Amino acid sequence: MDMTPSICITDFSENILDKSIHFKIIRLEQSFFVWVGSKPMLSNMAVAMPATYGQIPAVSTLFGAKLEQISESLAQKLAKKYKCQVFVSCSVPFDANLSVLIEKRLAQELNQIFPSS
């Protein structure tokens, strides 16, 4: 019987462009959840799944505003890279410069969690 934990939770915070940004990654057996925010709230959630045919993962907003599509975009990128189902909630107001830096910091952490990807 395999006693390896099937859920792994990683929390960290980073000061990015003078804003305190908090991250939570919950790794499940065949998927993972990413939350990024400046306040403790879950205002939206998107899910993306790797494409069976083609290269662009399927993505959908499960709840919340779809105006800026930050969560959808990030979920789609992560599903493509890690080839698994990804849930994303990004509760940070859109800022192009901030978004790039958030993605970069998140990638650093995910590369430690998923070193073979």
Side-chain angles (χ1 to χ4, degrees):
M1 178 182 227
D2 186 11
M3 298 303 286
T4 306
S6 59
I7 297 176
C8 177
I9 300 173
T10 304
D11 294 302
F12 59 100
S13 296
E14 192 80 28
N15 192 15
I16 302 174
L17 297 179
D18 296 325
K19 295 180 183 184
S20 184
I21 307 296
H22 308 285
F23 299 80
K24 180 178 286 286
I25 302 167
I26 302 174
R27 183 179 50 86
L28 306 166
E29 286 186 35
Q30 296 180 11
S31 65
F32 63 95
F33 169 79
V34 173
W35 173 81
V36 180
S38 53
K39 298 177 186 175
M41 59 189 260
L42 193 65
S43 60
N44 61 60
M45 185 181 296
V47 63
M49 298 175 68
T52 305
Y53 305 103
Q55 296 202 7
I56 300 172
V59 64
S60 182
T61 295
L62 299 176
F63 66 85
K66 194 175 174 176
L67 298 173
E68 296 169 352
Q69 300 180 345
I70 300 167
S71 296
E72 278 192 358
S73 174
L74 187 53
Q76 202 167 39
K77 289 176 187 177
L78 295 173
K80 184 174 182 176
K81 177 171 177 134
Y82 295 102
K83 297 175 179 41
C84 67
Q85 184 177 37
V86 180
F87 297 88
V88 174
S89 176
C90 188
S91 301
V92 177
F94 181 75
D95 174 320
N97 295 325
L98 183 62
S99 294
V100 169
L101 295 172
I102 286 172
E103 284 186 33
K104 185 176 178 180
R105 179 60 182 99
L106 183 59
Q108 290 172 343
E109 201 67 33
L110 287 170
N111 287 336
Q112 291 179 13
I113 295 170
F114 302 103
S116 61
S117 295

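Note that the coordinates shown come from a computational prediction; the quantities given were computed from them, not determined experimentally.
Distance check: K83 NZ to L78 CG gives 12.5 Å after rounding to the nearest 0.5 Å.
For the pair K80 and P57, the minimum side-chain heavy-atom distance is below 4.5 Å. Side chains of D95 and P93 form no contact here, defined as non-hydrogen atoms less than 4.5 Å apart. With a 4.5 Å cut-off on side-chain heavy atoms, M45 and V88 do not count as touching. In this structure, K81 and N111 have side chains that are in contact, with non-hydrogen atoms separated by less than 4.5 Å. The shortest distance between side-chain heavy atoms of Q108 and Q112 does not fall below 4.5 Å. Looking at V34 and K24, their side chains never come closer than 4.5 Å, going by heavy atoms from C-beta outward. Looking only at side-chain heavy atoms (C-beta outward), I7 and R27 stay at 4.5 Å or farther from each other. Within the 4.5 Å cutoff, side-chain heavy atoms of I25 are placed close to those of F12.
Between the side chains of N15 and S20, no donor N or O sits under 3.5 Å from an acceptor N or O. Side-chain contact, S43 with S91: a donor N or O sits under 3.5 Å from an acceptor N or O.
Looking at every heavy atom in both residues, E72 comes nearest to V59 through O-CG2, 3.5 Å. Taking every heavy atom of both residues into account, N44 and C90 meet most closely at ND2-O, 3.1 Å. Contact between V47 and A75 at its shortest, heavy atoms only, is C-CB, 4.4 Å. Closest heavy-atom contact between C84 and S31: SG-CA, 4.2 Å. Contact between A79 and P50 at its shortest, heavy atoms only, is O-CG, 4.0 Å. When all heavy atoms of Y82 and A107 are compared, the pair lying nearest together is OH-O, 4.4 Å.
Side chain of Q85 to backbone of M49: no donor-acceptor contact under 3.5 angstrom is found.
Using a 30° and 60° split on the angle between ring planes, W35 and H22 fall in the parallel class, below 30°.
The neighbour count for L28 CG, taken as heavy atoms of other residues, nucleotides or ligands under 6.0 Å away, is above 12.
Residue F63 is grouped with residue F33 when hydrophobic side chains (ILVMFWY) are merged at heavy-atom distances under 4.5 angstrom, including chains of intermediate members. Residue L106 is grouped with residue I21 when hydrophobic side chains (ILVMFWY) are merged at heavy-atom distances under 4.5 angstrom, including chains of intermediate members.
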